[in-house]
Amino acid sequence: MEAEPPEESESPGEGPVFFPVNALLSALRAPDIRWQPNWPITMPPDAFVVEHGQARSITLTMESGLLQISWNRTSPVDFPFLFQGKFIQTRRIFEESGKIRELIIDEAGWLWHIEFPDGDDPTLLIIRITQGEEVFFGVIQRALIRDMETWYDRDGTPLAVFTYRFDRSGEGPRIVKIQNQHTGEEAQTEQYQDSFGNISEIISPLGRFSARYTKDGRPRYWDRWILLPMPAGEDGEESVLPEFHQSYTFQWDEAGFLVRITGTPGPGEEDPVDIRFDYTLDERGNWIERREIRMIPRFGVLVPSPGPRISRAIEYGED
């Protein structure tokens, strides 16, 4: 199956300078998208999950735009990829043989094309990356416990290095170390799993995120230590990046729907978080619209205030 590529935007936004292609390829090996503790709170934890039937595609409509996942048999074709705290839409283009030919990353209309020329060495992957008139080349070197991805410009100058270190048994942390050769900046992400395969903790340049789950794999308790913007300091003083802690509890009903989130106030807020959810279901019993109701303490009582609506279009395949 070959998907049609998205159209280029006439007024593209500011796209990511470099992104970890190897991490994206690893995410595409999974048959579905599972919630992780570094997701934004605005994203439903079951956004891409159906409890009844087999989905062929799910399109999520939010205030921030559209996100879609679609499958070709059991492999994702369209896929939202979380990068630097926000989701970017990715599409895979296949050869007739089933081999991946190209990845297209759409970040606010700014399209990156990642091509995969033929190669016989499974431990060495060469990629060609284009965005408009810009052309880059990447080399992914794979080993047993360590992969390395290097980006080069068209003249062969190395621009960025992504180093992946992980435990192949799945019991240890998966670490991605990112170094930009132009600026010398480094950013490291650590990811941990519990004994059931759920992502229990993520430590990244954006903060630390942890979660505990129900026996069904749904998030129950969620903690976020967010790193706030650097405050302006006086000359000669060392600035410290402030950290803000938020704690949430998820309440699920017997049918598996998230019905309530409670938690501590966010940065600059005074009222605790108390969000209720109401749903519209399709004929199979999966939700196709989620309505948010924020309970705000006023005059000694909780006053309901309508929040955003999120809709889902679900296309089913054969059961």
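In terms of heavy atoms, F87 sits closest to P40 at CE1-CD, 3.9 Å. Smallest separation of non-hydrogen atoms from R92 and P76: NH2-O, 2.6 Å. A pairwise comparison of heavy atoms in R312 and D46 identifies NH1-O, 3.2 Å as the closest pair. Considering all non-hydrogen atoms of both residues, N22 and E149 come closest at N-OE1, 2.9 Å. Scanning all heavy atoms of the two residues, the minimum distance from R220 to F250 falls at NH1-O, 2.6 Å. Scanning both residues, W71 and A55, for their nearest heavy atoms gives CE3-O, 3.4 Å.
Side-chain contact between P304 and M295 is present, with at least one heavy-atom pair separated by less than 4.5 Å. Residues P37 and S210 are not in side-chain contact: their nearest non-hydrogen atoms beyond the backbone lie 4.5 Å or more apart. When side chains are defined from C-beta on, E201 does not count as touching Q193, because their heavy atoms never get closer than 4.5 Å. At a threshold of 4.5 Å between non-hydrogen side-chain atoms, the residues V135 and R128 count as touching. Under the 4.5 Å side-chain criterion, counting only non-hydrogen atoms from C-beta, F277 is not in contact with P44. Between I296 and L302 there is no side-chain heavy-atom pair separated by less than 4.5 Å. Between E51 and V49 the shortest side-chain heavy-atom distance falls below 4.5 Å. By the 4.5 Å heavy-atom criterion applied to side chains, I310 and T61 are not counted as neighbours.
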message: Pair D271, R298 - check salt bridge (Lys or Arg N to Asp or Glu O under 4.0 Å), show working.
response: CA-CA 10 Å; D271 297 329; R298 293 293 184 270; 3.1 Å; yes

field: Full working for side chain to side chain contact (heavy atoms under 4.5 Å, CB included) between F116 and L25
entry: CA-CA 12 Å; F116 298 86; L25 292 173; 4.0 Å; yes

- request: List the steps and the verdict of salt bridge (Lys or Arg N to Asp or Glu O under 4.0 Å) for R218 and D216.
  value: CA-CA 6 Å; R218 301 185 179 99; D216 299 315; 3.3 Å; yes

task: For L281 and N286, run side chain to side chain contact (heavy atoms under 4.5 Å, CB included): C-alpha distance rounded to whole Å, both residues' side-chain angles, the deciding distance at 0.1 Å, then the answer.
output: CA-CA 5 Å; L281 310 182; N286 297 307; over 6 Å; no

- request: For V273 and Y248, run side chain to side chain contact (heavy atoms under 4.5 Å, CB included): C-alpha distance rounded to whole Å, both residues' side-chain angles, the deciding distance at 0.1 Å, then the answer.
  value: CA-CA 8 Å; V273 174; Y248 299 100; 4.1 Å; yes

- request: Tell me, with the steps shown, if W287 and L258 meet side chain to side chain contact (heavy atoms under 4.5 Å, CB included).
  value: CA-CA 11 Å; W287 71 267; L258 178 64; over 6 Å; no

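There is a side-chain donor-acceptor pair under 3.5 Å between H113 and E102. A donor-acceptor contact closer than 3.5 angstrom links the side chains of D282 and Y316. N198 and R212 share no side-chain donor-acceptor pair at under 3.5 Å.
Between I105 atom CD1 and I88 atom CD1 the span is 5.0 Å, to the nearest 0.5 Å. Here CZ of R224 is found 11.0 Å from OG of S247. Values are rounded to the nearest 0.5 Å. Note that the OG1 atom of T262 and the CZ atom of R276 stand 9.0 Å from one another [nearest 0.5 Å]. The CZ atom of F79 sits 5.5 Å away from atom CG of L28, with the distance rounded to the nearest 0.5 Å. Rounding to the nearest 0.5 Å gives a distance of 8.0 Å between CG of L206 and OG1 of T189. Here the straight-line distance linking atom CG of D78 with atom CD1 of I104 works out to 9.5 Å at 0.5 Å rounding.
Residue E269 qualifies as enclosed at atom CD: its count of foreign heavy atoms under 6.0 Å is above 12.
In this structure, R208 is positioned above the aromatic face of W225, its NZ or CZ under 6.0 Å from the six-membered ring centre and within 45° of the axis.
In the hydrophobic clustering of ILVMFWY residues, with side-chain heavy atoms under 4.5 Å counting as a link, Y279 and W35 come out together. By the criterion of side-chain heavy atoms lying less than 4.5 angstrom apart, applied directly or through intervening Ile, Leu, Val, Met, Phe, Trp or Tyr residues, I127 is not grouped with F137; the two fall into different hydrophobic clusters. Under a hydrophobic clustering in which Ile, Leu, Val, Met, Phe, Trp and Tyr are joined whenever their side-chain heavy atoms come within less than 4.5 Å, directly or via other members, I293 and V259 fall into different clusters. When the side chains of ILVMFWY residues are joined at heavy-atom separations under 4.5 Å, either directly or via intervening members, I199 and Y221 end up in two distinct hydrophobic clusters. Linking Ile, Leu, Val, Met, Phe, Trp and Tyr whenever their side-chain heavy atoms come within less than 4.5 Å puts M62 and V50 in one cluster.
Considering only residues two or more places apart in sequence or on other chains, R291 meets the salt bridge (Lys or Arg N to Asp or Glu O under 4.0 Å) condition with D278, E289.
A salt bridge does not link R294 to D274: none of the charged side-chain nitrogens sits closer than 4.0 Å to a carboxylate oxygen.
A centroid separation of 6.0 Å or more is found between the aromatic rings of W252 and F257. Ring pair W39/W222: centre-to-centre distance not below 6.0 Å.
Under the 3.5 Å distance criterion, the side-chain polar atoms of R142 are left unmatched by any main-chain donor or acceptor of L124. With hydrogens and angles ignored, the 3.5 Å screen pairs no side-chain donor or acceptor of Q68 with any backbone N or O of S57. At distances below 3.5 Å, not a single donor-acceptor pair connects side-chain atoms of T163 with backbone N or O atoms of M148. A donor-acceptor distance shorter than 3.5 angstrom exists from the side chain of D253 to the backbone of A255, with no hydrogens or angles considered.
Remark: of the listed residues Y152, F19, W151, W151 is the sole one forming a ring-ring contact (aromatic ring centres under 6.0 Å, His included) with F136.
Ring geometry for F81 against F83 counts as parallel: the plane angle stays under 30°, on a 0 to 90° scale with 60° as the upper cut.
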